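Below is one structure, written out as structure tokens; the observations come after it.
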Amino acid sequence: MCALLRRNLLVPVMHGVTFEELDQVSPTLASRGGFSTAEEPIEDIVVKIAELVGTLAEEEATNSA
């Protein structure tokens, strides 16, 4: 999680709401991307976020070497 915070990266995770539904209320927020539990299982979302954090940590280690 620290890697995400240092990079100022926000990964929205919506619970039970689709991007289409969010777009009707807040097009700006819906355009940011992210994940929705209405569209895919939370287990899949967790794996994707873990991969993203791992990738960012690897980039940071490479850049500081």
Side-chain angles (χ1 to χ4, degrees):
M1 192 62 123
C2 292
L4 289 175
L5 295 175
R6 281 193 298 257
R7 297 277 185 150
N8 294 322
L9 179 63
L10 175 65
V11 180
V13 178
M14 301 177 301
H15 181 60
V17 178
T18 66
F19 284 97
E20 290 78 22
E21 292 168 332
L22 182 60
D23 189 51
Q24 294 175 12
V25 179
S26 176
T28 303
L29 186 56
S31 70
R32 293 195 52 91
F35 302 104
S36 169
T37 61
E39 297 176 356
E40 60 186 309
I42 190 70
E43 295 83 4
D44 293 349
I45 294 170
V46 169
V47 169
K48 290 176 181 180
I49 292 174
E51 288 172 351
L52 176 62
V53 171
T55 300
L56 291 175
E58 289 173 11
E59 285 179 12
E60 184 174 273
T62 301
N63 290 337
S64 65

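Owing to the predicted nature of the structure, the values given are computational and were not obtained by experimental measurement.
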**Message:** Once salt bridge (charged side-chain N to carboxylate O under 4.0 Å, His left out) is applied, what residue pairs with a partner in residues 34-47 remain, sequence neighbours excluded?
**Reply:** Glu40-Lys48
**Request:** Quick one: closest heavy-atom pair of Thr37 and Gly16, and the distance?
**Result:** OG1-N, 2.7 Å
**Prompt:** So which residues get pulled into Leu22's cluster when ILVMFWY side chains under 4.5 Å apart are joined, directly or through others?
**Reply:** Met14, Val17, Phe19, Leu29
**Request:** For Val47, check side-chain contact (heavy atoms from CB on, under 4.5 Å) against everything at least two apart and list the hits.
**Result:** Glu51
**Prompt:** What heavy-atom pair brings Leu52 and Val11 nearest, and what distance separates the two atoms?
**Reply:** CD2-CG2, 3.7 Å
